[in-house]
Asks: 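Mind having a look at this structure? Questions to follow.
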Amino acid sequence: MLAKRIIPCLDIKDGRTVKGVNFENIRDAGDPVELAIEYSKQGADELVFLDITATNEKRKTLSALVTRIAKQINIPFTVGGGISSVEDVSALLNSGADKVSINSAAIKNPELISELANQFGSQCVVVAIDTKFDNNEWWVYINGGRINTGLKTIDWAKQVTEFGAGEILLTSMNNDGTKKGFALDITKQISEAVNIPVIASGGAGTVEHFKAVFTAGKADAALAASIFHYKEIGIQDLKKYLKNNNIEIRT
Amino acid sequence: MKTVIIKYNAGNTRSVTFALERIGITPLITDDVDEILSADKLILPGVGEASSAMKYLQEKKLDNVICSLTQPILGICLGMQLMCEYSEEGNTNCLGIFKQNVKLFSRSELKVPQIGWNTILDLKTELFSSVKENEYQYLVHSYYAELGVNTIAKTNYGLTYSSALNKNNFYGVQFHPEKSGPTGQKILENFIKL
């Protein structure tokens, strides 16, 4: 059976991880490569690197970092953050990334999704959707939740699927950072409305939250950052719990 | 030992190169016929679309070269599918080494592509030496090879299909050993030892 995936996310700024981590066997907590190796040893199924570097000049260092990561780890990884063109994607894939995630650029130019799918294959195109519940509806937001695009999340999810997205990374802005659980309703709605995998993100605080997002939320994968960074939940413990609760998981 | 990764328009040569380097092998990435023929081991990687990949292999006259090889060659993902008889992807006649046909997963019943870690079972041949039944491997694909005489590993996704194939010196795996943790690395090591 296909297993549900656990995906730690690392925020990268100027080539360094943003949130400090203190794993015992890591010498440099700010080095994304060391962290990536550690997560992969612990049993992470994939990794996501989100580049939040502000300037294009510094962003150029990303490709070199991607190659360092690809040399060291033997699980798949996705790179996202500020990707806006076929050239950006080509550079990252050639550096060794397995997938890229695009967000605002897809809203501004949905054709970009099909261009990427045609050129590189759907399997490496993850469309990230930031969603917020407001006025009785889930809307698509961009710019870190500041701008409501006026698109309903369910409609946009269907559209990106038609354009050739390989996966959807769905982040609930209402839940993100709360540690009160994933947004189960919209995750389930999207997962049932499209026939591509849905990665749920935002709100993970306990192992029970992961179980809920895989069962009630029907997610194919779950992404989290801080609970893994601050060792509030160990990946091995999480996977053991899920397996004991009859969820298909790679242990 | 000379290990060649065959260069063509549908390769993820980077990931495979890095994976080989992790087990101490420095591969040569080339589409040069003499280099290919003189290799001890070859890998046909593949991330891409079947009909354009086949067309490219034919234009470069690599199709006959690959079929004529007698040394061990491992097709990965699309590389394995290209070694099959026929693919529904782009209605493509492939290399015909394995007698299997390649079909599209049912989009009405399943999420397509299948993305993630799935188990491999009924393992045969030295490729899976010391690999346990039901180990997880990483897969990303919309098309699958049917079961048949060449099947040396099976996986279930809606139906049971061939996740690895073998005939003589030709091996193919649908999963990505280069991205499948320690078990994937073991399978690559096994191939190199063949």
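In this text, all values refer to a predicted model and were calculated from it rather than measured experimentally. Naming convention: chains lettered A, B, ... in sequence-line order (proteins, then strands); numbering from 1 in each chain.
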Asks: Could you list each N or O donor-acceptor pair linking chain A to chain B at a distance under 3.5 Å?
Replies:
residue	atom	partner	partner atom	Å
A/Met1	N	B/Asn118	OD1	3.1
A/Ala3	N	B/Trp117	O	2.8
A/Asp45	O	B/Trp117	NE1	2.9
A/Ala70	O	B/Arg22	NH1	3.1
A/Lys71	O	B/Arg22	NH1	2.9
A/Ile73	O	B/Arg22	NH1	3.3
A/Asn74	O	B/Ser180	N	3.3
A/Asn74	O	B/Gly181	N	2.9
A/Asn94	O	B/Arg14	NH1	2.6
A/Asp98	OD2	B/Lys179	NZ	2.9
A/Lys99	NZ	B/Tyr138	OH	3.1
A/Ser191	O	B/Lys111	NZ	3.4
A/Ser191	OG	B/Lys111	NZ	2.7
A/Asn195	O	B/Val112	N	2.9
A/Asn195	ND2	B/Arg107	O	3.4
A/Ile196	O	B/Lys111	NZ	3.4
A/Asp220	OD2	B/Lys111	NZ	2.8
A/Glu248	OE2	B/Tyr136	OH	2.7
A/Ile249	O	B/Tyr136	OH	3.3

Asks: Please list, chain by chain and in numerical order, all residues satisfying side chain to side chain donor-acceptor pair (under 3.5 Å) with A/Asp155, sequence neighbours excluded.
Replies: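 With sequence neighbours excluded, A/Asp155 shows a side chain to side chain donor-acceptor pair (under 3.5 Å) to no residue whatsoever.
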Asks: If you take all heavy atoms of B/Val112 and A/Ile196, which pair is closest and at what distance?
Replies: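 Smallest heavy-atom distance, with atoms named: O-CG2, 3.6 Å.
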Asks: Under the ring-ring contact (aromatic ring centres under 6.0 Å, His included) definition, can you give me all pairs with a residue in residues 66-98 of chain A, not counting sequence neighbours?
Replies: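 Pairs touching residues 66-98 of chain A that pass the test: A/Phe49-A/Phe77.
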Asks: Measure A/Val198 against the heavy atoms of chain B and call it side chain, backbone, both or neither at under 4.5 Å.
Replies: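 For A/Val198, heavy atoms of backbone and side chain both lie under 4.5 Å from chain B.
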Asks: Can you tell which part of B/Leu110 gets under 4.5 Å to a heavy atom of chain A, answering side chain, backbone, both or neither?
Replies: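 Just the backbone, heavy atoms under 4.5 Å.
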Asks: Locate the shortest heavy-atom distance separating A/Leu2 from B/Gly116; write the atom from each residue and the value.
Replies: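 In terms of heavy atoms, the two residues are closest at CD1-C, 3.7 Å.
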Asks: Report the residues that fulfil ring pair (Phe, Tyr, Trp, His ring centres under 6.0 Å) with B/Phe175, sequence neighbours left out, ordered by chain and then residue number.
Replies: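 Result, ring pair (Phe, Tyr, Trp, His ring centres under 6.0 Å) vs B/Phe175: none returned.
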Asks: Give the member of A/Gly96, A/Ala221, A/Pro197 that has the highest number of heavy-atom pairs under 4.5 Å with chain B.
Replies: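 So the answer, after comparing A/Gly96, A/Ala221, A/Pro197, is A/Pro197.
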